[in-house]
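Remarks on the structure that follows.
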Amino acid sequence: MGYGSEHHGSAMNAFVFDQLRHDWTREEILALHEMPFLDLLFEAQRVHRRYHAANTVQLSQLLSIKTGGCPEDCGYCPQSQKFAADTGLKASKLMDIEAVLTAARAARDAGATRFCMGAAWTRPKDKDLETVAEMVEGVRALGLETCVTLGMLEERQAQRLAEAGLDYYNHNIDTSPEYYKDIITTRTFDERLETLEHVRAAGINVCCGGIVGMGETREDRAGMIAALAALPEHPQSVPINRLVRVKGTPLSDTAPEIEGLEFVRTIAIARLTMPKSMVRLSAGRETMSDELQALCFMAGASSIFYGEKLLTTPNPRENRDVALFKSLGLTAA
Ligand code: SAM
Ligand code: DTB
Ligand code: SF4
């Protein structure tokens, strides 16, 4: 039997995967979750190869340009001021432009093609936004794609970032609309959608995804994917994070472990419902085996965060990723 052969009447016949759909229902997504694992992976890889280069994974590098001291109370996040006494994380000021450009140059020289700058703000002050706009211009001039994540944005602030040439804005919905209030009380799900609207209106590509492993149900995971796929345009990038348990954050003790295979299913379903989007296997790789990551690539993950640090927590060392890519025959892009 050759590649792409008949699939013998499994449940997936009911779905058309090759069209861009914005009307995925939660029930349909739950039905994808119920598919035999190998059928799901096979379909996800087939769709992946239709829209993306086979055996190729894009590398993004993160830098925390302003760490900690955040007034929000996201239950997973080490950067919230509310948990600072328990996490021991020290807040720091916005970095200098030159230091950011030095880090960006090193990222580019190590092979990253996108540089993502994160700030622990509820929303940026206009003065700080000007500094970030200059960082974006400088990073672009190095030949890197740019992404920033600064919290909520007004429409005019999004336009200012667009003028600076920003390629992507990261703003995650993080979980289902229902579970959101159990994770964060200082802002609403709808406020997240408003910022995404401002980013889209400014013509900036949207990077939007979420976290799994926060004690949500499978229905919540389906609700999160349905909400992402229902956006007016599928986000150009969809980061799927597995909760990084940071001591002192509320979720680090309370969230039950999510099974590896369930995580892989979430990646596959993101791939199937948003076929053209870049699906990023994001936070959480540090504690994943090579085999689990390989399954995520099979499920359609097309990007990773590269470099030994995410924002505040560790990521696999570069040499481990180089060895992983070699053993899987993957090319970095
Ligand atoms: N403050 C901005 C915001 O919340 O939009 C930007 C920075 S925030 C740290 C960016 C994203 O990092 C969050 O939306 C969340 O998805 C992810 N994140 C934060 N802590 C995490 C953790 N412990 N595990 C996995 N992902 C995490
Ligand atoms: C995203 O979805 N994941 C990245 C990026 N967007 C900004 C952040 C992960 C942070 C993990 C916890 C930390 O290192 O602080
Ligand atoms: Fe602040 Fe963002 Fe962390 Fe929430 S996720 S506490 S908004 S830095």
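Both counts, for ligands and for their atoms, begin at 1 and track the order of listing. Sequence positions, counted from 1, serve as the residue numbers for this chain.
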Margin query: Looking at atom 1 (Fe) of ligand 3, tell me if a protein heavy atom falls under 4.0 Å from it.
Written below: yes

Check: For atom 18 (N) of ligand 1, which of Y169, W121, Y76 has the closest heavy atom?
Finding: Y76

Note to self: What protein heavy atom lies closest to atom 6 (C) of ligand 1? Include the residue and the distance to one decimal.
What the structure shows: T149 OG1, 3.1 Å

Checklist line | Enumerated ligand 1 atoms positioned under 4.0 Å from heavy atoms of L311 | finding: 9 (C)

Notebook entry, point to check: What's the spacing between F263 CZ and L295 CG if we round to 0.5 Å?
Noted result: 11.5 Å

Checklist line | side chain to side chain contact (heavy atoms under 4.5 Å, CB included) between L32 and E43, intermediate numbers included | finding: CA-CA 10 Å; L32 297 179; E43 278 301 301; over 6 Å; no

Check: How far apart are the C-alpha atoms of E257 and R245, what are their side-chain angles, what is the distance that settles it, and do they pass the salt bridge (Lys or Arg N to Asp or Glu O under 4.0 Å) test?
Finding: CA-CA 10 Å; E257 197 66 44; R245 289 169 193 276; 3.5 Å; yes

Check: With a cut-off of 4.0 Å, which atoms of ligand 1 are near a heavy atom of A283?
Finding: 25 (C)

Note to self: Below a 4.0 angstrom heavy-atom separation, can you tell me which part of R192, side chain or backbone, both or neither, approaches ligand 1?
What the structure shows: side chain

Margin query: Using a 4.0 Å heavy-atom cut-off, which part of P239 comes near ligand 1: side chain, backbone, both, or neither?
Written below: neither

Next item on the list: Verify salt bridge (Lys or Arg N to Asp or Glu O under 4.0 Å) between D167 and R114, making sure each step is shown before the conclusion.
Entry: CA-CA 9 Å; D167 297 296; R114 189 182 300 176; over 6 Å; no

Note to self: Tell me which residues fall inside the under-4.0 Å heavy-atom shell around ligand 2.
What the structure shows: L62, P78, T149, N170, N172, P239, N241, A283, F305, L310, L311, T312, T313

Notebook entry, point to check: In terms of side-chain heavy atoms, does S176 have a donor or acceptor partner in E219 at a distance below 3.5 Å?
Noted result: no

Check: How far is atom 16 (O) of ligand 1 from its nearest protein heavy atom, and which residue and atom is that?
Finding: D174 OD1, 2.7 Å

Item checked: Crowding at CZ, R317 (>12 non-hydrogen neighbours, <6.0 Å) -> no

Next item on the list: Using the test salt bridge (Lys or Arg N to Asp or Glu O under 4.0 Å), find all partners of E34 that sit at least two apart in sequence or belong to another chain.
Entry: R218

Check: Looking only at N/O atoms, are N170 and ligand 1 under 3.5 Å apart anywhere?
Finding: no

Next item on the list: Indicate yes or no: does R160 engage E130 in a salt bridge with an N to O separation below 4.0 Å.
Entry: yes

Check: At what distance is the nearest protein heavy atom to atom 7 (S) of ligand 3, and which residue and atom is it?
Finding: R187 NH1, 3.1 Å

Item checked: Geometric class of the H48/H52 ring pair [parallel <30°, tilted 30-60°, perpendicular >60°] -> parallel

Checklist line | Tally of protein N, O or S atoms, where distance to atom 1 (Fe) of ligand 3 is under 2.8 Å | finding: 1

Margin query: Taking the basic N atoms (NZ, or NE/NH1/NH2) and the acidic carboxylate oxygens, is any pair closer than 4.0 Å for D128 and K66?
Written below: no

Notebook entry, point to check: Could you give all pairs that pass the ring-ring contact (aromatic ring centres under 6.0 Å, His included) test and reach residues 199-241, with sequence neighbours left out?
Noted result: H22-H234

Notebook entry, point to check: Would Y76 and D174 count as having a side-chain donor-acceptor pair, cut-off 3.5 Å?
Noted result: yes

Check: Does a side chain donor of either D73 or T186 reach within less than 3.5 Å of an acceptor in the other side chain?
Finding: yes

Next item on the list: Over all heavy atoms of both residues, which pair between S303 and S60 is shortest? Give the atoms and the distance, please.
Entry: OG-OG, 4.2 Å

Check: Where is the nearest protein heavy atom to atom 24 (N) of ligand 1: which residue, which atom, and how far?
Finding: V244 N, 2.9 Å

Notebook entry, point to check: F305 ring centre to R280 NZ or CZ under 6.0 Å, with the angle to the axis within 45°?
Noted result: yes

Next item on the list: Give the residue, atom name and distance (to 0.1 Å) of the protein heavy atom nearest atom 17 (C) of ligand 1.
Entry: I211 CD1, 4.2 Å

Check: With a 4.0 Å cut-off on heavy atoms, is A119 touching ligand 1?
Finding: yes

Notebook entry, point to check: So, does E216 use its side chain to make a donor-acceptor pair with the main chain of R221 at under 3.5 Å?
Noted result: no

Notebook entry, point to check: Would a 4.0 Å cut-off, counted as strictly less than, catch a protein heavy atom around atom 26 (N) of ligand 1?
Noted result: yes

Next item on the list: Specify the protein heavy atom at minimum distance from atom 2 (C) of ligand 1: its residue, its atom name, and the distance to 0.1 Å.
Entry: G151 N, 3.7 Å

Margin query: Can you confirm whether some protein heavy atom lies under 4.0 Å from atom 12 (O) of ligand 1, or whether none does?
Written below: no

Next item on the list: Search all heavy atoms of A268 against all heavy atoms of A44 and return the closest pair with its distance.
Entry: CB-CB, 3.9 Å

